[in-house]
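Only one structure is covered here, and it is reproduced in the block below.
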Amino acid sequence: MSTLSFESLCLRDDDYLSPIEPEEAKEDEFDTDLESDEKEESNKEMSISEVYVQACRLLGVVPVSYFIRSLDSSTMTLSHHGLGPLGCKALAIALVTDMHINTLELADNHIQAEGAKYLVEMLRANFTLQHLDLSSNYLQSAGAEHVAKVLLDNISLKSMKLSGNGFTDDDAKYFADALSTNSRIKELDLSHNEFCGKGGEHLGQLLANNEGLEVLDLSWNHLRMKGAVAFCAGLKVNMMLKHLDLSWNGFGNEGALAMGEALKFNNTLVYLNLNNNRLTNEGVGMMCRGLEFNDTLRVLLLAYNSLTVEGALALVNVVKNTPRTALEEINICNVLVNETFVHLLEVTCQEHPGLDVHYGGVGGFIAKKPPKRVDPMKVIQDYLDQRKLRLWDFFRNIDKDGTMRVPVADFRKAVQQSSIPLDRYQIEELIQRLDRDRTGMVDYRGLADTRKQMMRDHRRQLRKVESRQKKEKQKSDRILKTFQSAVEAVTPRSSMVISPGGAKDDSSGPQHFSATPLSSWHHIVMSNSSRYSVTNLSNEHVHLPMLGGSTPYRPTSSPAMRSYSQPNLLDDSPRSAPEKSISAQGIRSDPEMSHSKLSPTANHLTRSRPALDAKQPAVVKAKTKKVKKKKTKKSLSKGSNNQTVK
């Protein structure tokens, strides 16, 4: 986009209203002072609308009539008006000195990063706006940087909506750095963006360092396991957040484990939304371990997760077994429960009458695995081992020839008449395995041949179960270790004060915006002269610096606008005097100080310790010298006394 020159946007003589008729001019000569005051007041009331119309005329955009009609309202709703960057600039010019509108909604206007830049300039002079909605405006990374400057500098905004602007992981750092020092923002909406694992780390830093945010919406992002663990680490040490929406983020059971660890220590969160996060009964069970220690959470939303009756029972049992719990609402509206759950809920509500659980209905069931049948071959082998019998000893009554082959009917009858604990299904299964070819003859040598194989299979199955349990435990330990590392990473920074002037603008890149500040535009359209030049911009009006410029921001000197100018936040940080330097340990050192005070030989703390055998003689010599001096002094005093006596 080409930059707009100042000359191309100056007002011309024909841009103004028609000149006053001579007769009207004559009548104006006889107006009283009272009438002139009324005209000035009417001009002041219409000044913002006139500024807006003139700005739209200069920029070549169509004015929004709704804006002009709604200037008396404290809420300005301009969503879905297709303003674009230039339309947003005209709006920002008009709002530079507005002191009435406190809520500005600009959702879905395609203002892009350029429009966000103009709003940043406007908010440096306007301290009336408290709520700003910039959702779905294609701000992307460049716009995120501009919005972060608003969060860093502005002192009036309390809530901001930035949903659906294509912010990525790197953009999350802008918000984390800005909100580390801004404690005035209470509500922030970053939903429907593209924050992933790295973004979760930055957002965790945001929670760890921020001391004012109370409502945060991160729904419809892609935090997943890594981002969820890092984010929950920041939630663990946060002391202000009350309302948190994390729905549609794919936390999984790993994120549920980290959330449970965070809820053990967090004592401010009241509302938690985890809808549609791929949680299972196992993940809910791990989160319930944290709910046992939490006494502040009131609303927990877990709808549209892969939960069954087991997960629902675990949630109600937590409320029942935790007397100090504050849970009042649990939403599992897609889960079908059974009669056992309904009975447990009725018993729990007697102890916690404020509890309200939303479930899908009665008709669910607990998924029980069918009882595993014992291998009939193993039953026979155990029976023979206990009685110290051989296979031939057991079957010799029906196997007269000793061929270890008997008819199926005789084999079935012998097993049924024996005391072997086999039911009918196990006997039929055993016959099918020993007579696979359906010859009508059972070869019971297979019992001996399969004994070793059966034991090997049993050991292999046990190893699989142990390996699976070991892997699950290692995974949980790894997640907890990562969670603890993330907590240690964010905890030291929570006590640090980051200077708001730490981030500097990069002015080396190309500038795609007009070099004329919005305050200068406001002066252009408000002036009553017929000719305009650069020299008309006096210092008495508000002059806003460009974000990319190198000139530092200075408050205005105008008496009319001095109370609304933003203080220079960069001057708040302590600065050392030019003649004093600060050492690495934080001790001020004076260059005029004598060298002996800082030399290692003069300070006994910095001397190297001599050898023990070399130290003792030196001490003895020193003592002898002192003793001699004392003796000489005593002798002198005695001599003087004797002289006085004489």
Side-chain angles (χ1 to χ4, degrees), residues 191-192 215 217-225 228 232 242-260 262-263 269-372 472:
S191 60
H192 291 83
V215 179
D217 188 353
L218 290 173
S219 59
W220 289 90
N221 279 282
H222 317 284
L223 298 184
R224 302 293 191 272
M225 183 196 75
C232 292
K242 297 179 180 179
H243 188 289
L244 179 59
D245 190 348
L246 293 171
S247 57
W248 296 88
N249 267 286
F251 266 36
N253 293 337
E254 297 83 2
L257 176 60
M259 180 59 70
L263 291 176
L269 197 63
V270 175
Y271 176 97
L272 178 60
N273 188 345
L274 290 175
N275 289 341
N276 212 313
N277 266 288
R278 304 178 185 175
L279 305 183
T280 64
N281 296 330
E282 181 183 0
V284 170
M286 291 185 291
M287 192 168 63
C288 287
R289 299 171 189 170
L291 292 174
E292 295 175 354
F293 300 90
N294 188 279
D295 57 355
T296 58
L297 188 65
R298 297 180 181 178
V299 180
L300 178 60
L301 308 184
L302 293 171
Y304 308 108
N305 287 289
S306 300
L307 303 183
T308 60
V309 181
E310 290 91 335
L313 289 171
L315 290 170
V316 178
N317 276 318
V318 167
V319 180
K320 182 177 182 297
N321 299 328
T322 309
R324 62 177 186 175
T325 184
L327 277 174
E328 298 176 354
E329 179 181 349
I330 300 176
N331 191 335
I332 47 174
C333 60
N334 63 309
V335 179
L336 293 176
V337 299
N338 57 5
E339 296 294 339
T340 304
F341 174 86
V342 175
H343 177 69
L344 178 63
L345 181 60
E346 292 177 354
V347 174
T348 306
C349 288
Q350 294 177 359
E351 302 175 1
H352 303 273
L355 180 64
D356 185 13
V357 180
H358 303 277
Y359 53 87
V362 180
F365 60 91
I366 297 178
K368 294 183 178 180
K369 295 182 179 180
K372 188 176 181 180
E472 292 177 355

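Positions are given from 1 along the sequence.
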When I332 is tested against each of L302, N305, L301 for side-chain contact (heavy atoms from CB on, under 4.5 Å), which residue passes?
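Answer after filtering L302, N305, L301: L302.
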Where do [X] and [Y] come nearest, in terms of heavy atoms and distance?
X    : Y    : answer
C232 : A258 : CB-O, 3.7 Å
A314 : C288 : O-SG, 4.0 Å
A256 : L279 : CB-CD2, 3.8 Å
G311 : V284 : O-CG1, 4.0 Å

All pairs passing side-chain hydrogen bond (donor to acceptor under 3.5 Å, both in side chains) where residues 244-253 contributes a residue, at least two apart
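side-chain hydrogen bond (donor to acceptor under 3.5 Å, both in side chains) check on residues 244-253 returns D245-S247, D245-N273, N253-T280.
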Sequence neighbours excluded - side-chain hydrogen bond (donor to acceptor under 3.5 Å, both in side chains) pairs with any residue from residues 347-359
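For residues 347-359: D356-H358.
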Examine distances only and state if a side-chain atom of N221 and a backbone atom of L223 form a donor-acceptor pair shorter than 3.5 Å.
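No: the side chain of N221 does not pair with the backbone of L223.
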Determine which pairs satisfy ring-ring contact (aromatic ring centres under 6.0 Å, His included) with at least one residue from residues 312-334, sequence neighbours left out, and list them in order.
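Passing the test, one end in residues 312-334: no pairs.
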For F293, all residues meeting ring-ring contact (aromatic ring centres under 6.0 Å, His included), sequence neighbours excluded
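Applying ring-ring contact (aromatic ring centres under 6.0 Å, His included) to F293 gives none.
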Under 3.5 Å, sequence neighbours excluded: what are the donor-acceptor pairs made by side chains of residues 316-323?
| residue | atom | partner | partner atom | Å |
| --- | --- | --- | --- | --- |
| N317 | ND2 | L313 | O | 3.0 |
| N321 | ND2 | N317 | O | 3.1 |
| T322 | OG1 | V318 | O | 2.7 |

For a 4.5 angstrom cut-off between non-hydrogen side-chain atoms, does [X] reach [Y]?
X    : Y    : answer
R278 : R224 : yes
H343 : E339 : no
F251 : M259 : yes

Suppose we screen for side-chain contact (heavy atoms from CB on, under 4.5 Å). Which residues come up paired with N294, at least two apart in sequence or across chains?
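Expected list: L263, T296, L297.
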If you measure from [atom1] on [X] to [atom2] on [Y], what distance do you get to the nearest 0.5 Å?
X    : Y    : atom1 : atom2 : answer
S191 : L246 : OG    : CG    : 11.5 Å
N277 : N275 : CG    : CG    : 8.0 Å
D217 : H192 : CG    : NE2   : 8.5 Å

Go through the side-chain N and O atoms of N281 and T308 and say whether any donor and acceptor fall under 3.5 Å apart.
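There is such a pair between these side chains.
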Is it the case that more than 12 heavy atoms not belonging to Y304 sit under 6.0 Å from its OH atom?
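Not buried by this count: 12 neighbours or fewer within 6.0 Å.
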